[in-house]
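Convention: sequence-line order gives letters A, B, ...; per-chain numbering from 1.
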Number of protein chains: 2
Amino acid sequence: MAKRADLSERREVFAAAALRVIMKSGVGGLTVREVSREAGFTTGALTHYFQSKDQLLIEASEYSARLMRPRMEKLARNASAIEALRKVVWEALPLTAKSRHLWRIWLGFWERSSYNPKVARVMRARYDEWRGRLSMLIRRASSEGQARVDLDPDQAAQELVALVDGIGVQVVLGVGRIPAARQRAMVDAWIGSIAQSRPNSLSKG
Amino acid sequence: MAKRADLSERREVFAAAALRVIMKSGVGGLTVREVSREAGFTTGALTHYFQSKDQLLIEASEYSARLMRPRMEKLARNASAIEALRKVVWEALPLTAKSRHLWRIWLGFWERSSYNPKVARVMRARYDEWRGRLSMLIRRASSEGQARVDLDPDQAAQELVALVDGIGVQVVLGVGRIPAARQRAMVDAWIGSIAQSRPNSLSKG
DNA sequence: CTTGCAACATAACAAACGTTATGGTCAGTT
DNA sequence: AACTGACCATAACGTTTGTTATGTTGCAAG
């Protein structure tokens with residue numbers, strides 16, 4: 001066994017290259033040759049680390065999730081649950097160029113996931129994590145008296161996920177105009193609708 | 001000039017076949033051979049009516065819009081502007097199997113529109129029409145005292161478009177669960193937020 | 001009745017694709 | 001020092017693609 005390069009490190013290099021190619025040409029326009037070139041290698045290297053193109057796509061999808069996760073987890077640790085929810089959702093919005101780039105990538109995976117079961121599985125896991133994160137924050141907000149208690153946290157989280165996706169589509173496709181301030185206002189309005197000015201303990205007493 | 005078949009009629013046959021293929025294999029998986037077979041012809045016939053695959057896709061996109069338009073226009077003629085808005089948006093939701101099929105098609109066009117300027121142009125026109133329809137109804141609701149007057153109709157319509165897209169994504173991708181009743185409730189909640197119980201004339205007086 | 005062109009089918013084409021095969025190089029083991 | 005296998009390049013393979021070329025047929029105008 002004569003190893004010179006770290007395996008998982010090389011795989012990340014190709015995954016990152018794949019994301020850059022997707023940004024340029026879309027998931028449908030992605031080719032193993034282009035990804036190899038983007039990574040600074042040739043197809044011989046890529047096939048050494050990935051059994052197939054599908055595997056590369058899945059790895060790329062997981063890598064894109066790893067890019068967001070740490071920031072999300074940090075923002076979720078905010079003392080106020082409602083404030084944490086605000087900041088977490090804001091982070092997901094297509095507010096910055098970098099965020100819009102990621103959105104462009106995710107959107108590229110959407111269609112592929114409709115016709116590729118493997119991609120669909122990864123995509124579902126991704127959304128489960130995202131919805132779960134929001135659900136947990138909403139639950140926390142309820143128990144801390146910052147949000148209504150007559151609320152199904154999972155259902156509320158599902159609504160919020162849909163809201164964010166809708167904004168993402170409009171902005172990334174460029175079919176609508178939703179400036180940053182408006183995006184945040186929409187999220188705040190939704191959070192305001194589940195928020196509760198009076199603490200839970202008082203309304204119970 | 002020996003014509004036997006109506007030109008625009010044949011083109012619609014191919015457009016409809018293209019939509020069926022997209023439902024099955026996605027826009028990325030669509031091939032001219034498959035569409036020809038689906039239409040009951042061969043590629044020779046298809047190329048006789050379409051200069052390129054892109055033209056076929058655009059025609060198919062426009063055809064899918066023509067499928068919705070009449071129903072939308074009929075529902076928009078409701079006496080009550082708010083009620084018309086409700087019914088029009090409900091019609092756009094992925095509530096029925098048929099509607100979900102159309103959503104699947106639209107979603108397929110999204111990525112392609114990111115990298116194909118021609119498709120992007122058509123897509124933008126489609127959303128302009130959709131947003132304009134909602135904007136008009138909201139404007140009507142305001143002037144009839146059914147909706148707040150301190151409202152930017154275009155901005156409100158943009159929000160509603162995003163909401164519907166978000167629901168569409170979640171349902172069609174199958175990454176979230178939003179039952180029909182919940183979809184309608186979400187729309188109603190949004191409309192409720194812009195609605196006004198007291199007529200405009202009173203609040204002005 | 002001839003003729004011309006629309007309306008298709010069939011076949012061929014070059015390009016691009018994912019994948020596989022082959023070969024070379026060099027670090028690390030024996 | 002010989003050897004081995006990880007690492008990567010290069011090339012080839014078979015398939016599929018959009019497009020073009022080349023028929024063939026049959027209605028309708030002249």
What verdict does the side chain to side chain contact (heavy atoms under 4.5 Å, CB included) test give for B:R140 and B:Q146, after you've listed the backbone C-alpha separation in whole Å, the side-chain angles of each residue and the deciding distance to 0.1 Å?
CA-CA 8 Å; B:R140 221 184 88 197; B:Q146 295 184 313; over 6 Å; no
Is any side-chain heavy atom of A:H48 less than 4.5 Å from a side-chain heavy atom of A:F41?
no
Show me the protein contacts with nucleotides 9-13 of chain C, counting only N or O atoms at under 3.5 Å.
residue : atom : partner : partner atom : Å
C:dA9   : OP2  : B:T42   : N            : 2.7
C:dA9   : OP2  : B:T42   : OG1          : 2.5
C:dA9   : O5'  : B:T42   : OG1          : 3.2

OP1 or OP2 of C:dA6 versus the side-chain N and O atoms of B:R10: is any pair under 4.0 Å?
no
Basic-acidic side-chain contact under 4.0 Å: B:K87, B:E91:
no
OP1, OP2 of C:dA6 versus side-chain N and O of B:Y49: anything below 4.0 Å?
no
DNA chain C-proximal residues of residues 52-59 of chain A, any heavy atom under 4.0 Å
A:S52, A:K53
When the distance from CZ of A:R37 to C1' of C:dC17 is rounded to whole Å, what number comes out?
13 Å
C:dA7 OP1/OP2 closer than 4.0 Å to side-chain N/O of B:H48:
yes
Atom CG of B:L30 and atom P of D:dT19: how far apart are they, to the nearest Å?
11 Å
With a 4.0 Å cut-off on N to O distance, would you call A:E73 and A:R69 a salt bridge?
no
Answer yes or no: does atom NZ of A:K74 have more than 12 heavy-atom neighbours from other residues, nucleotides or ligands under 6.0 Å?
no
CA sep, side-chain torsions, deciding dist, call: A:R126, A:S61, side chain to side chain donor-acceptor pair (under 3.5 Å):
CA-CA 9 Å; A:R126 196 84 357 109; A:S61 169; 2.8 Å; yes
Minimum heavy-atom distance B:Y127-A:Q170, with the two atoms named
CE2-NE2, 3.2 Å
Please report the distance, rounded to the nearest Å, between CG in B:D6 and C1' in C:dA6.
13 Å
Pairs where residues 154-175 of chain A contributes a residue and the test salt bridge (Lys or Arg N to Asp or Glu O under 4.0 Å) is met, not counting sequence neighbours
A:R139-A:D154, A:E159-B:R182
Whole-Å distance, B:F14 CZ to C:dA7 P, equals 11 Å
For B:R71, is the CZ atom crowded, meaning more than 12 foreign heavy atoms sit under 6.0 Å from it?
yes
Check the distance between C:dC17's P and A:E34's CD and give it to me in whole angstrom.
9 Å
